[in-house]
Structures are given as structure tokens and as C-alpha cells.
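To start, the structure itself, in C-alpha cells.
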There are 2 protein chains.
Amino acid sequence: MSGERINLAHGDGGELAHRLIQDVFVKAFGHEREAQQDAAIFDSPGTKLALTTDSFVIQPLFFPGGSIGKLAVAGTVNDLAVSGAVPLFLTASFIIEEGFRLTDLKQIVADMATEASNANVKIVAGDTKVVERGSADGLFINTAGVGRVIETTSTPVQEGDSVIVSGSIGDHGMAVLAARGELGLEMDLDSDCACLHAPIEALLNEIDGVKVMRDPTRGGLATTLVEICESEDLEIQLEEEAIPVRREVHGACDLLGFDPLYLANEGKVVMIVAEEVEEDVLQLLKKYKETEESKVIGRVTATTNGRILLETALGSRRMLRRLAGMQFPRIC
Amino acid sequence: MSGERINLAHGDGGELAHRLIQDVFVKAFGHEREAQQDAAIFDSPGTKLALTTDSFVIQPLFFPGGSIGKLAVAGTVNDLAVSGAVPLFLTASFIIEEGFRLTDLKQIVADMATEASNANVKIVAGDTKVVERGSADGLFINTAGVGRVIETTSTPVQEGDSVIVSGSIGDHGMAVLAARGELGLEMDLDSDCACLHAPIEALLNEIDGVKVMRDPTRGGLATTLVEICESEDLEIQLEEEAIPVRREVHGACDLLGFDPLYLANEGKVVMIVAEEVEEDVLQLLKKYKETEESKVIGRVTATTNGRILLETALGSRRMLRRLAGMQFPRIC
């Protein structure tokens with residue numbers, strides 16, 4: 001059994017594809033009926049909805065702290081959550097290379113089912129394609145997600161607002177790079193891959209004054225903040241010393257010449273909140289394991305200029321830009 | 001310009017990725033604002049919704065009658081339509097092999113935009129990943145879709161109900177196989193790739209008695225009907241002579257030993273309707289170009305047995321099974 005592998009007939013819509021769906025996907029995701037249908041049908045969960053999609057091409061498929069399966073669920077759950085929505089329904093689509101081990105597929109699908117259950121989302125529709133050996137690299141997964149938008153009163157960002165990050169940055173990027181063996185470093189570091197729906201939902205329901213939320217994935221904290229500053233036309237000043245970075249990540253970055261500000265995160269949120277609720281926000285976030293290390297790392301210094309400045313430990317200031325040039329392919 | 005190619009930095013979330021999104025996707029799909037966000041937000045379009053997903057790995061990317069872009073929109077639109085929903089919102093996610101030509105990507109994205117406009121759906125969220133040369137085969141696209149379910153009165157299938165197919169079968173499968181040059185045949189045949197939302201929406205709004213709808217894609221008409229018969233526990237009898245097959249498809253099947261019943265379709269629907277509305281259904285379908293060749297091809301002969309029988313031209317009967325064994329990889 002453990003030697004069983006996916007072949008092209010698992011993707012042709014016929015008998016073997018039918019069995020794969022029944023034995024692997026229906027068993028794990030538990031949607032007996034929908035699996036046979038072309039679409040899942042459900043009652044609309046609210047008046048405003050959010051819709052998102054992500055494809056995952058991470059290498060390696062299993063890494064410290066997670067797998068492509070866990071990541072594919074958490075990534076889409078988090079995209080919905082930071083958009084102010086309660087994640088509810090996911091789709092899952094698999095592109096599998098011929099010869100892929102069935103045991104690995106089952107493990108990855110089990111990881112998806114576990115993470116979906118943790119996040120209270122249902123995987124309601126799916127698809128499987130198989131391509132010839134050499135036409136893909138093992139496995140790619142796409143998830144799309146639908147959520148119910150939590151109605152909140154929106155207030156514009158203003159000077160003095162606080163920038164909060166929910167914990168240490170760069171863990172995912174560095175853990176995955178280390179797992180590839182490309183760094184020549186042995187590290188005891190897990191990816192931060194996790195679903196953030198619970199603290200974010202609590203925050204939106206309990207506290208007014210959360211103005212912007214984003215998950216700093218590809219491109220890292222710096223790129224995400226550049227995008228926020230440009231699209232909202234804000235000037236933000238970050239304090240380098242306030243930004244939480246694990247010792248292992250710091251050390252490896254120093255050795256290798258990486259900047260943790262540009263490393264990917266898969267279980268972090270960065271937000272802009274009104275200064276007067278800063279303490280309430282931190283108190284709430286610290287109740288949840290995923291966000292217990294939340295910290296204020298900077299402040300909105302103007303509602304113009306569209307730029308982000310980093311005040312370094314030495315007191316100098318530099319402007320941050322988007323990640324430029326190929327640094328870390330296939331990190332998610 | 002025409003020699004410009006995708007490189008890994010187009011997928012890393014940084015500056016080049018930002019430009020690719022702005023220059024290619026935002027320009028074609030026209031969602032200025034959402035492109036910067038983690039999810040698209042929209043008012044819930046109805047009380048019951050449908051959600052579906054499909055990944056497309058078709059080879060070649062351009063084929064007579066369409067491209068992977070047209071197919072990626074039509075495929076998901078049709079999955080929603082045959083589920084009884086009006087297709088409204090799509091997501092589009094791209095996995096691109098390093099070195100892919102930018103002009104090809106732009107053409108494919110333009111095809112998606114055209115087809116989405118034809119089908120009255122909006123592409124509201126997206127994602128782009130780039131993998132190293134050799135880790136994918138050119139381009140894979142995933143689309144997920146949300147639709148508003150049309151409320152209809154559902155009546156159970158019963159003996160005597162009519163089985164209707166909306167036109168000739170096997171065109172897509174044969175056109176794509178021929179385009180690969182694998183058959184050693186030159187054929188003047190287009191894929192049937194098309195959106196069927198318009199005739200299906202009209203049907204559901206105007207006629208009571210449409211009981212089952214499916215699009216016979218991978219695995220062909222036979223596999224789709226086997227799935228219907230098994231899941232609904234029906235016995236269907238098809239008349240081989242009544243099933244529309246183009247002369248070119250028939251000829252090539254005869255030469256190559258293929259069965260058109262197992263060839264993929266990408267612009268056809270098969271349905272079970274009450275016998276008393278059969279004429280009304282055909283009349284309505286014939287008003288639309290995509291379904292103008294609709295025909296009754298068989299009948300429900302029992303609401304038990306879970307099997308499908310084919311009455312051949314010679315008067316013999318055989319039971320149809322799912323497509324078994326690898327026949328046509330990467331047909332969609």
C-alpha cells in the first residue's frame with residue numbers, strides 16, 4: 001500500500017478518479033453528496049461576502065511546523081480573516097504529478113481536514129488533475145474561500161494610529177529555506193503557519209478602531225506595509241528595535257545577508273488601529289496563542305507621502321521598498 | 001517586447017509581481033482596487049449560493065476553438081450553470097513556469113476577460129505563482145466560481161423521463177487530441193468550448209420539469225451518465241443512433257478505436273426532463289446557438305438498478321461503464 005502512486009488515470013474523470021475522490025477526499029473532507037456534483041450549494045451566510053483564492057507551490061511539501069496542506073487552508077482562511085470576514089467555505093483543487101506517493105497525498109489531505117476543522121471551515125468542492133511525470137513538481141494545491149463579512153464601522157486612518165504586528169516575523173520564510181537544505185544551516189525553527197480567524201473575529205466583534213489588516217506573506221512585512229502605504233497614501237514610521245524577530249531568524253539573516261522584513265510569514269497579521277484602542281487590541285490579541293506576542297512596531301506619521309520609513313537601532317532612517325529581484329521562490 | 005518572459009521574481013510578491021498584476025491582470029479584468037486586497041468583497045447575490053472550482057492543465061494551451069483561458073472561464077461558468085445557478089463571480093489563479101512568454105500570458109488573460117464578459121461574470125480575485133523551469137508545463141490555471149441558485153420546484157426523476165443532450169459529443173476531446181499532433185490526422189474540427197449559462201438560465205426560469213443537469217466533460221457523456229444513474233439510482237436507456245456525433249469525430253474514432261461516448265465535451269449539457277416538457281425544452285434550447293442541436297437521446301427506463309444501457313444501431317444492448325484506464329490525460 002505505502003508504495004502506491006498516483007497515475008494519469010487518477011485524473012481522467014473515470015473509474016480510478018472516482019475511487020480516488022471517494023477513498024481520499026470524501027473520506028477526509030466528509031462531503032458525500034457534493035463530491036458527485038459540479039458545485040456545492042449552501043445558504044448565503046450573510047449580506048456581504050468575501051471571496052479569495054491562492055495557489056500553493058511550496059517546496060518542500062512537508063516542512064517544520066506544517067505542510068502544503070495545512071498552509072493551503074491557513075493561507076486562504078487568513079486572507080478572508082484579514083479582509084474582515086468569517087471564513088466559512090473552501091474549495092480545494094489538486095494538480096498532481098504522475099508518480100506522486102498516495103501516502104503523501106493522504107497525509108496532506110489529512111492536514112487540510114485538520115486545519116479546516118480547527119478553523120471551522122468546510123471544504124465543500126474540489127477538483128483533481130494529474131499531469132505526466134516532469135510536467136509538475138509533485139503537488140500544487142489551490143484553495144478558494146468564501147466568508148461572511150463582519151459589519152464594522154470604518155474610520156479613516158489618521159496620524160498617530162498604531163501599527164501592530166501579531167508576533168515574530170520571518171519564521172515561515174526561514175524555516176522553509178532551512179528545510180530545503182539550501183542554507184547550509186541546521187535550525188531549530190518552525191514555520192508560523194497557522195489560522196488567525198479566531199483572534200481577528202474577536203477583534204472585529206469587540207473593538208472599534210481596527211482600520212487596516214493584512215497578512216504579510218510573500219514579500220514579508222516590508223512589502224505588505226509598502227502596499228498599504230501606497231494604496232492608502234500613508235506615511236508610516238517603524239521602529240526596527242520594536243519588531244519581533246526570533247534569535248534563530250536574526251542569526252541566520254545576519255550570516256546569510258537576508259533581511260527579516262522581507263521574509264514570508266504564514267501566521268501573522270499586521271494592522272493599523274486607533275491609538276486610543278491600542279491597549280485593548282493588544283490585550284485581546286494576547287489571549288490567543290497565535291497572536292500572544294503582538295506588539296506595537298510603529299506609527300502613522302502622516303496621511304500623505306505614501307511611504308514607509310524604518311528608524312534603525314542606530315537612529316538613522318531609511319525608506320523601505322517592495323521586495324525587488326528574485327529572493328525566495330516557492331515559499332508558499 | 002514579444003520576447004519578454006516570465007521569471008521567478010514575477011511570483012515573489014515584490015516589485016515585478018506588482019507590475020505584472022497591474023499591467024496584465026488589472027488591465028484585463030478591471031478590478032483596480034481588489035487587486036491590492038486579500039479578498040474581494042461583494043453583496044450576497046441571493047439566498048442560496050453555489051461554489052465550485054476547477055484547475056486546468058490542458059495541453060496545448062491554444063487549440064482550435066479556444067485556449068486554456070477561454071476554457072478556464074467556460075468550465076467554471078458551466079459547472080455553476082448546470083448546478084442551477086447564475087454564474088456571477090470568479091477567481092483566477094495562475095501557476096506559471098519560468099520562461100513562459102509574456103505575450104502568450106496576455107493572450108490567455110485576454111481570452112479569459114472576453115469569455116467572462118460574454119458570460120456576465122466578474123473575475124474579482126486572483127493569485128500568481130511562478131515555479132522554476134521544469135517544475136510545471138507552461139501554465140496551469142485554476143478558477144473558482146460563485147453563483148446565485150435559481151429557486152425551482154424539484155420533482156423526482158421518473159420512468160419515461162427524457163434524456164437530452166445539447167449537441168454533438170466528443171468535439172473538444174478530439175479537437176485537442178488532433179491539435180497535439182498525436183493522432184497523425186489533420187482535422188477540420190473545433191472544440192465546442194463555450195459558456196452555457198444563457199440557455200440554462202432561460203430553461204430554469206421558464207420551464208418546470210428540468211430534473212437533472214450535468215456537463216459531460218472529462219470521461220465524456222458515458223461517464224457522466226453512469227455517475228447520474230449510480231447516484232440517483234436510475235436506469236437509463238440510450239439510443240446510439242440518436243446521439244449526435246460529427247462526421248469528423250466519428251471517422252477519427254473509427255480509425256483510432258476511440259469511443260465518442262468517452263470523449264470530453266466543454267460546451268455541452270446533458271439533462272433529464274419530464275417527458276411532457278420535452279418539446280418545450282427542445283424548442284427553447286434551439287433558440288441558442290450553443291444548444292441549437294439539442295436532441296432526445298434516451299429515456300429513463302426505471303428508477304432502480306443504477307445503470308445505463310446503450311441500444312446499438314444493430315439492436316443489441318450493452319451496459320456502459322465509467323471510463324477505465326488512462327485514455328486522455330490533460331484534455332482540460
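In what follows, every chain begins at residue 1, and chains take the letters A, B, ... in the order their sequences are listed. Computed from a prediction, not measured in an experiment: that's the story for all the values here.
With a 4.5 angstrom heavy-atom cutoff, A:T217 does not touch chain B via any of its atoms. Contacts between A:A92 and chain B at a heavy-atom distance below 4.5 Å involve the backbone alone (N, CA, C, O). Neither the backbone nor the side chain of A:N78 has a heavy atom closer than 4.5 Å to any heavy atom of chain B. Contact of B:V130 with chain A is made through the backbone alone, with heavy-atom distances under 4.5 Å.
A heavy-atom distance below 4.5 Å is found between the side chains of B:R330 and A:V131.
With values rounded to the nearest 0.5 angstrom, A:D38 atom CG is found 10.0 Å from B:T76 atom OG1. Here B:K129 contributes atom NZ and A:I58 contributes atom CD1; the two are 10.0 Å apart, rounded to the nearest 0.5 Å. Here the CG-CG distance, from A:D43 to B:L49, works out to 8.5 Å after rounding to the nearest 0.5 Å.
Interface remark: of the candidates B:T128, B:L16, B:L80, B:T128 forms the most heavy-atom pairs closer than 4.5 Å to chain A. If you tally non-hydrogen atom pairs under 4.5 Å between each of B:V226, B:V82, B:T223, B:I95 and chain A, the highest count goes to B:I95. Ranked by heavy-atom pairs under 4.5 Å with chain A, the first of B:A144, B:G219, B:S93 is B:S93. Top candidate by heavy-atom pairs under 4.5 Å with chain A, chosen from B:G14, B:G13, B:S44, is B:S44. The choice from A:R148, A:R321, A:E132, A:E98 that makes the most heavy-atom pairs within less than 4.5 Å of chain B is A:E132.
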Fill in: Candidate pair B:L323 and A:E15, rule side-chain contact (heavy atoms from CB on, under 4.5 Å), full reasoning
CA-CA 6 Å; B:L323 176 65; A:E15 184 61 34; over 6 Å; no
Discussion item. Is there a salt bridge (charged side-chain N to carboxylate O under 4.0 Å, His left out) between B:D12 and A:R218? Walk through the geometry before answering.
Written reply: CA-CA 6 Å; B:D12 67 4; A:R218 272 187 293 181; over 6 Å; no
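Residues of residues 50-57 of chain B placed with any heavy atom under 4.5 Å of a heavy atom in chain A are listed by number as B:A50, B:L51, B:T52, B:T53, B:D54, B:S55, B:V57.
Dense packing is recorded around CZ of B:R180, with more than 12 heavy atoms of other residues, nucleotides or ligands lying under 6.0 Å away.
Closest of all the heavy-atom pairs between B:F140 and A:A136 is CE1-CB, 4.2 Å.
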